[in-house]
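Quick caveat: nothing in here was measured; it's all calculated off a predicted structure. Lettering follows sequence order; numbering is per chain, from 1.
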There are 2 protein chains.
Amino acid sequence: METIVESSGLPADAFSAKCPTRQVLDHIAGKWTILVVDALLEGTMRYTDLSRRIEGVSQKMLTQTLRSLEGDGFITRTVHPTIPPRVDYELTALGRSLAEPITALRRWTEDHINEIEQARSRARD
Amino acid sequence: METIVESSGLPADAFSAKCPTRQVLDHIAGKWTILVVDALLEGTMRYTDLSRRIEGVSQKMLTQTLRSLEGDGFITRTVHPTIPPRVDYELTALGRSLAEPITALRRWTEDHINEIEQARSRARD
DNA sequence: CAGTATCCGGGCTGATACTG
DNA sequence: CAGTATCAGCCCGGATACTG
């Protein structure tokens, strides 16, 4: 089945430069996005939970990624007005839906890492 | 089932900063990679075929992406020594395997673009 | 705790020109 | 046809310092 983009009336097609699908693909196709969405599948998490779960992510990139995911409707951000503050991040229904293909991609990479490393060492010859 | 990374002896884990899975995820998670791999599912293609199929890609980025995919063992590059030259690009078995989760991600984005655009317009309020 | 603000280098990216 | 080479701008991304 073909999806018609409501804003343009044209079929959704990532190969077309004008299709909004392109920008969304750009957002999704960042390594931090994949890891954040995947991490939130484990349940609601606070900011520090996420930064611990995702090794090597800087405060800046984590915040930036969370804001982008929130803007696209993939996660919700809940601020509890306490001292110290507490902020919970959680996947929306749309976000949980996105998590399926994203998890598949992460798993595939983990499962095939040895084959890839072998191809790489061969390519260096 | 858990994959053990042969080069380190540790389990493959994209959440770990040191795992080579991270760099591969970085390569895969580029918009051009997704589109090139997806396009090559339609069959062997020449350089110009790809540049026509993938609207908006520059020569530089297409070449760069093809070289990266070749280095990771996802595609083969075959040069026919004719005049004018002819170069064919084709997915390897590993590349066809990767294409599955990648296509799923592109399709998901195309299928949910309207929901995402609605979330975006709501976020702008 | 959960960020924001700022700086800065490096690499992505596009445009243009050129080549076997 | 299938690239390479070069330039220039901008954004990615990390490090550091600071705040309600």
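Side-chain nitrogen and oxygen atoms of A:Tyr89 include none within less than 4.0 Å of the OP1 or OP2 phosphate oxygen of C:dC1. Note on B:Arg67: a side-chain N or O is less than 4.0 Å away from OP1 or OP2 of D:dG3. When the side-chain nitrogen and oxygen atoms of A:Arg46 are compared with OP1 and OP2 of C:dC1, none of them lie within a distance under 4.0 Å. A close approach under 4.0 Å does occur between a side-chain nitrogen or oxygen of A:Arg77 and OP1 or OP2 of C:dG3.
To the nearest 0.5 angstrom, B:Ile54 atom CD1 is 7.5 Å from B:Leu40 atom CG.
A side-chain N or O of A:Glu117 and one of B:Ser7 form a donor-acceptor pair less than 3.5 Å apart. Looking only at atom types and distance, the side chain of B:Tyr89 has no donor-acceptor partner in the side chain of B:Thr78 under 3.5 Å away. Side-chain contact of B:Asp38 with B:Thr103: a donor-acceptor pair under 3.5 Å is present, judged by distance alone.
If you take CG of A:Leu50 and C1' of C:dG3, they are 13 Å apart, rounded to a whole angstrom. For the pair B:Asp88 CG and D:dA2 P, the computed distance is 8 Å after rounding to whole Å. B:Gln59 has its CD atom 12 Å from the C1' atom of D:dA5, to the nearest Å. In this structure, B:Met45 atom CE and D:dG3 atom P are separated by 15 Å, rounded to whole Å.
Checked against C:dT13, C:dA2, D:dG14, the side chain of B:Lys60 finds its nearest nucleotide in C:dT13. Side-chain proximity of B:Tyr47 to C:dG14, C:dT4, D:dG3: nearest is D:dG3. When distances run from any side-chain atom of A:Trp32 to the nucleotides C:dA2, D:dG14, D:dC7, the shortest one goes to D:dG14.
Judged by closest nucleotide on DNA chain D, B:Thr48 is the one of A:Gln64 and B:Thr48 placed further toward the 5' end. Nearest-nucleotide positions on DNA chain D for A:Pro85 and A:Ser58 put A:Ser58 closer to the 5' end.
In this structure D:dG20 sits in a base pair with C:dC1, meeting the Watson-Crick or G-U test at under 3.5 Å. In this structure, D:dT6 forms a base pair with C:dA15, meeting either the Watson-Crick or the G-U wobble geometry with both donor-acceptor distances under 3.5 Å.
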